[in-house]
**Q** 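My questions all concern the structure below.
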Amino acid sequence: QVALVESGGGLVHAGGSLRLSCAASGRAFSNYPMGWFRQAPGKEREFVASISWSGGGTNYGDSVKGRFTISRDNAKSTAYLQMNNLKLEDTAVYYCAIRRTLAASTSSGLYDYWGQGTQVTVSS
């Protein structure tokens with residue numbers, strides 16, 4: 001069993017930066033790929049970024065490429081999402097998730113464990 005806790009969300013002006021963290025409990029963290037997703041009010045959950053179990057492979061949604069960076073520190077059982085040049089449309093609840101398999105995915109339905117989410121609000 002894995003428990004995930006996101007932190008680092010908040011209110012930021014457009015063009016600003018935030019770094020989200022996702023702390024995992026359980027020894028299995030380093031074995032699995034992780035993903036970040038977000039959901040804005042009235043919208044479906046959207047893929048943001050994913051990272052392989054080793055950290056050597058990453059993938060990003062088109063809307064965040066070049067602005068967001070996903071990383072992980074397996075020794076600390078923590079993953080991160082560095083968000084730069086934030087835009088109004090980045091406002092959402094951000095979730096981290098773990099998939100109990102070798103490969104990451106852009107599909108939220110294929111992830112097995114989820115955090116409770118952290119709110120990111122970008123203001124003009």
**Q** Is V12 linked to V48 within one hydrophobic cluster, defined over Ile, Leu, Val, Met, Phe, Trp and Tyr using a side-chain heavy-atom separation of less than 4.5 Å?
**A** yes
**Q** For the residue pair G117 and E6, what are the closest heavy atoms and their distance?
**A** N-OE1, 2.8 Å
**Q** Just checking, any donor-acceptor pair under 3.5 angstrom between side chains of T91 and E89?
**A** no
**Q** To check you understand the geometry: which heavy-atom pair defines the closest contact between L86 and L18, and what is its length?
**A** CD1-N, 3.9 Å
**Q** Do you know the tightest heavy-atom contact between G61 and F47?
**A** N-CE2, 3.5 Å
**Q** Can you tell me how far NE2 of H13 sits from OG of S123, rounded to the nearest 0.5 angstrom?
**A** 4.5 Å
**Q** Is L88 reachable from V93 through a run of I, L, V, M, F, W or Y residues, each pair having side-chain heavy atoms under 4.5 Å apart?
**A** no
**Q** Show the numbers, then the answer: is there a side-chain contact (heavy atoms from CB on, under 4.5 Å) between W114 and R45?
**A** CA-CA 13 Å; W114 290 83; R45 192 162 294 190; 3.3 Å; yes
**Q** Between T58 and S50, is a side-chain contact (heavy atoms from CB on, under 4.5 Å) present by the stated rule, with each step listed?
**A** CA-CA 6 Å; T58 58; S50 65; over 6 Å; no
**Q** Tell me, with the steps shown, if Q119 and Y94 meet side-chain contact (heavy atoms from CB on, under 4.5 Å).
**A** CA-CA 6 Å; Q119 175 71 46; Y94 284 70; over 6 Å; no
**Q** Might you point out which heavy atoms bring A40 and A92 nearest each other, and give the distance in Å?
**A** N-CB, 3.8 Å
**Q** With sequence neighbours excluded, tell me which residues meet side chain to side chain contact (heavy atoms under 4.5 Å, CB included) with V2.
**A** L4, A24, A28, I98, Y113
**Q** Which disulfide (SG to SG under 2.5 Å) pairs, counting each pair once, include a residue from residues 52-124, with sequence neighbours left out?
**A** C22-C96
**Q** Are the side chain of T78 and the backbone of D73 linked by a donor-acceptor contact shorter than 3.5 Å?
**A** no
**Q** Which heavy atom of S105 sits nearest to which heavy atom of R99, and what is that distance?
**A** CB-NH1, 3.8 Å
**Q** Once rounded to the nearest 0.5 Å, what's the spacing between atom OH of Y95 and atom CD of Q39?
**A** 5.5 Å
**Q** Could you give the distance from OG1 (T106) to OH (Y111), rounded to the nearest 0.5 Å?
**A** 7.5 Å
**Q** Looking at A49 and Y60, what are the two nearest heavy atoms and their distance?
**A** CB-CD2, 3.6 Å
**Q** Measure the spacing between CD of E46 and CH2 of W36 and express it to the nearest 0.5 Å.
**A** 14.5 Å
**Q** Drop me the distance from M34's CE to L81's CG, to the nearest 0.5 angstrom.
**A** 10.5 Å
**Q** For T118 and G9, indicate whether the former's side chain and the latter's backbone hold a donor-acceptor pair under 3.5 Å.
**A** yes
**Q** Ignoring hydrogens and angles, write down the donor-acceptor pairs under 3.5 Å from the side chains of residues 64-72, residues two or more places apart or on other chains.
**A**
residue: K65; atom: NZ; partner: D62; partner atom: OD1; Å: 3.2
residue: R67; atom: NH1; partner: N85; partner atom: O; Å: 3.0
residue: R67; atom: NH1; partner: D90; partner atom: OD2; Å: 2.7
residue: R67; atom: NH2; partner: S63; partner atom: O; Å: 2.8
residue: R67; atom: NH2; partner: D90; partner atom: OD1; Å: 3.0
residue: R67; atom: NH2; partner: D90; partner atom: OD2; Å: 3.4
residue: R72; atom: NE; partner: N74; partner atom: OD1; Å: 2.8
residue: R72; atom: NH1; partner: Y32; partner atom: O; Å: 2.8
residue: R72; atom: NH1; partner: S52; partner atom: O; Å: 2.9
residue: R72; atom: NH2; partner: F29; partner atom: O; Å: 2.8
residue: R72; atom: NH2; partner: Y32; partner atom: O; Å: 3.0
residue: R72; atom: NH2; partner: N74; partner atom: OD1; Å: 3.3

**Q** Taking the side chain as every heavy atom from C-beta outward, state whether L20 and S7 have any atom pair closer than 4.5 Å.
**A** no
